[in-house]
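Down below is the structure, laid out as structure tokens.
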Amino acid sequence: MPETEIKTETVQSPDAPPTAPPSAAPTRAASMEKVVALCKRRGFVFPGSDIYGGLANTWDYGPLGVELKNNVKQLWWRTFVQRRRDMVGLDAGILMHPRVWEASGHVVNFNDPLVDCRTCKSRFRADHLIEEKLGRHVDGKSPEELTAILAEANLPCPNCGNRTLTDARQFNMMFRTTLGPVEETGTVTYLRPETAQAIFVQFKNIMATSRQKLPFGVAQIGKAFRNEITPGNFIFRLLEFEQMEIEYFVRPEEGAAAFDAWLASMRAWLALIGLREEHCRVREHDPEELSHYSSRTVDIEYRFPGPMGWKELYGLANRTDFDLARHQEYSGEDLTYFDQPTGQRFLPHVIEPTFGVDRTVLTLLLDAYDEEQTVDVNGKADTRVLLRLHPRVAPYKAAVLPLMRKPELTEVARDLFARLEDETGVLVDYDETGNIGKRYRRQDEVGTPFCFTVDYETLEDRAVTVRDRDTTEQHRLALDEVPAFLRGRLA
Ligand code: GAP
């Protein structure tokens, strides 16, 4: 994989102001509101349970959203699992033995600090409230420390304006459920809050069957669930979301080098999916901000438009041998690795690159959204909305459009469509309804990089018009060369 040019703006202190104020950002056509509207209009993401009035903070991926999301997941799997000799995969269950979450520390530590308003009963995350209203990063501070900061600032409730916020207290974010038909006597367990733990729990089986030697990694893509106090910002913070996670096992002394190598691979991934480098940066966690399992963490942050600003997109953590040691202790199973060259037995250390699928989809849409001012055929001002998605992730890679719905044109167009399906294996759209200008606009809005138009000239010269989404430039291409052209653009 080529090394990338992604700028890494490392922010050392979480208390420091952002290195570039939001006002310094170049004007972006994208806003969260516009992208949410486009997603509903074009079938990327719908509000969950829509016909029942919706269920707050739940979203469903529609026909194009699921294609975009699958493209992300397939590209990730191909890049980090199938193309590497040192990686294998796992697909574990969402429900696990409740002791897993005691061993992992989630029962005790997986908390967010919340405050309530005594007047209007609204609930907020104390750390987010301080971050937003006072501009201070307070990750890792205790509820008592947060309470002191809130008391000193005497902040009003953001909902009703009364100064009646309670002290901060811890709230466990795991969703509980009961196994067995009778709730009272059933076993309480949790919907997994991260996919990572199953990899540690299956470490012994994977070691025994995959014949991997250190360093090696295990990857998993799957759902995770968190009872977030303040979900929101569309699909940024969800109650139910998908993660793509890697646990990379190394000799303890190799941890630091593996961390740097994974950071480089994560940056290369950002370039691969086409996120703009000026919208991505790396932020180092301060010691007090580190999770209970981590000796070093960096976040890859994305610059969201509007007041959201820089927020976490992905994470990279050095989990040391914390998880394997805990699972060894709680399960009683020997999880050590026998190193043949040295004859030593030890618990490997773990480097964890973690990627949120939904945040990837959201940032791709925000990054790709653009508007161009044009004039229509009557000379009236018009706006062309387009998604400049990288062809690797775009739901449709191309569209085949007969100029008119006439049998002599549709026959050639359908033949081309079938050939593209057979010879490229990628998703291509076929559309013969409405005027050609409207059809181009529709494809622009869903991010289709190329349109192939079959017109009356095609019947003479056996060529089609290729239209480029980003430039709207058009050129003629021989029918027989279309599959190779498309494969070439996707390579
Ligand atoms: N195993 C480590 C772990 O779970 P995390 O930073 O809590 O670390 C990893 O989560 C990634 O999962 C985040 O970087 C983000 O992309 C995604 N993520 C976390 N919480 C989320 C939520 N409530 N909604 C959507 N994505 C979320």
Side-chain angles (χ1 to χ4, degrees), residues 6-7 9 11 14-42 44-47 54 56-59 61 65 68 122 124-139 155-159 161 228-239 241 270 273-283 299-315 356-373 383-389 393 444-447:
I6 296 290
K7 187 174 65 179
E9 194 182 317
V11 182
D15 280 328
T19 43
S23 56
T27 323
R28 286 168 81 174
S31 69
M32 194 65 91
E33 294 71 28
K34 287 179 187 172
V35 166
V36 173
L38 184 143
C39 281
K40 177 147 196 210
R41 189 165 73 240
R42 292 301 186 192
F44 281 90
V45 182
F46 304 127
N57 300 302
T58 65
W59 301 92
Y61 287 84
L68 174 57
S122 298
F124 308 95
R125 264 193 56 180
D127 50 345
H128 288 180
L129 200 61
I130 293 170
E131 205 176 299
E132 276 158 31
K133 302 294 173 200
L134 304 178
R136 283 181 65 180
H137 275 277
V138 286
D139 285 343
L155 284 180
C157 165
N159 187 47
E228 299 275 2
I229 299 162
T230 49
N233 282 320
F234 193 31
I235 53 172
F236 176 77
R237 197 180 303 285
L238 296 163
L239 307 172
F241 56 98
L270 299 173
I273 58 175
L275 282 184
R276 281 188 268 174
E277 65 172 277
E278 67 270 26
H279 290 163
C280 300
R281 75 176 183 188
V282 174
R283 186 176 72 79
D299 284 347
I300 291 186
E301 294 188 332
Y302 178 80
R303 180 178 230 151
F304 289 84
M308 256 184 101
W310 292 105
K311 288 274 180 296
E312 176 185 343
L313 170 60
Y314 303 143
V357 177
D358 309 86
R359 285 189 193 176
T360 308
V361 169
L362 177 58
T363 51
L364 284 173
L365 289 166
L366 288 165
D367 231 45
Y369 184 95
D370 204 1
E371 291 173 355
E372 270 181 15
Q373 302 315 318
T383 305
R384 182 171 84 102
V385 174
L386 70 158
L387 289 182
R388 296 184 191 274
L389 288 170
V393 293
D444 290 342
E445 270 207 349
V446 302

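All values derive from a computational prediction rather than experimental measurement.
- Residue T360 comes nearest to I273 through the heavy atom pair CG2-CD1, 3.7 Å, listed as atom of the first residue, atom of the second, then distance.
- Rounding to the nearest 0.5 Å places OH of Y61 at 12.5 Å from CZ of F46.
- Taken from CG in L155 to CG in L134, the straight-line distance is 5.0 Å, to the nearest 0.5 Å.
- What you find for H279 and W310 is that their closest heavy atoms are O-CZ3, 3.3 Å.
- Without hydrogens or angle criteria, D367 side chain to L275 main chain gives no donor-acceptor distance under 3.5 Å.
- Two residues are said to be in side-chain contact when any heavy atoms from C-beta on lie closer than 4.5 Å; M32 and L362 meet this criterion.
- When side chains are defined from C-beta on, Y314 does not count as touching D299, because their heavy atoms never get closer than 4.5 Å.
- Looking at heavy atoms from C-beta onward, E445 lies out of side-chain contact with L387 at the 4.5 angstrom threshold.
- The CZ atom of R303 sits 13.0 Å away from atom CE of M308, with the distance rounded to the nearest 0.5 Å.
- Note that the CD1 atom of I300 and the CZ atom of R281 stand 12.5 Å from one another [nearest 0.5 Å].
- Remark: K40 NZ is loosely packed, at most 12 non-hydrogen atoms of other residues, nucleotides or ligands lying under 6.0 Å away.
- If you take OG1 on T383 and CG on L386, they are separated by 11.5 Å, rounding to the nearest 0.5 Å.
- Every residue two or more places apart in sequence or in another chain that forms a ring pair (Phe, Tyr, Trp, His ring centres under 6.0 Å) with F234 is listed here: W59.
- For the pair L313 and L270, the minimum side-chain heavy-atom distance is below 4.5 Å.
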Show the numbers, then the answer: is there a salt bridge (Lys or Arg N to Asp or Glu O under 4.0 Å) between E372 and R388?
CA-CA 12 Å; E372 270 181 15; R388 296 184 191 274; 3.1 Å; yes

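- Between R125 and E228, at least one side-chain N (NZ, or NE/NH1/NH2) sits under 4.0 Å from a carboxylate O, which counts as a salt bridge.
- Between the CD atom in E132 and the CG atom in D127 there is a gap of 9.5 Å [rounded to 0.5 Å].
- Contacts of N159 classified as side chain to side chain contact (heavy atoms under 4.5 Å, CB included), with partners at least two apart in sequence or in another chain: C120, S122, F124, C157.
- Counting only heavy atoms from C-beta outward, the side chains of L365 and L68 approach each other to under 4.5 Å.
- Using a 4.5 Å heavy-atom threshold, the side chains of Y302 and L366 count as touching.
- Between P305 and A30, the shortest heavy-atom contact is CB-O, 3.5 Å.
- The two residues P156 and G161 make their nearest non-hydrogen contact at CB-O, 3.3 Å.
- For the ring pair (Phe, Tyr, Trp, His ring centres under 6.0 Å) test, no residue two or more places apart in sequence or in another chain qualifies with F44.
- For K34 against Y369, the heavy-atom pair with the smallest separation is CD-OH, 3.5 Å.
- A donor-acceptor distance shorter than 3.5 angstrom exists from the side chain of R359 to the backbone of F236, with no hydrogens or angles considered.
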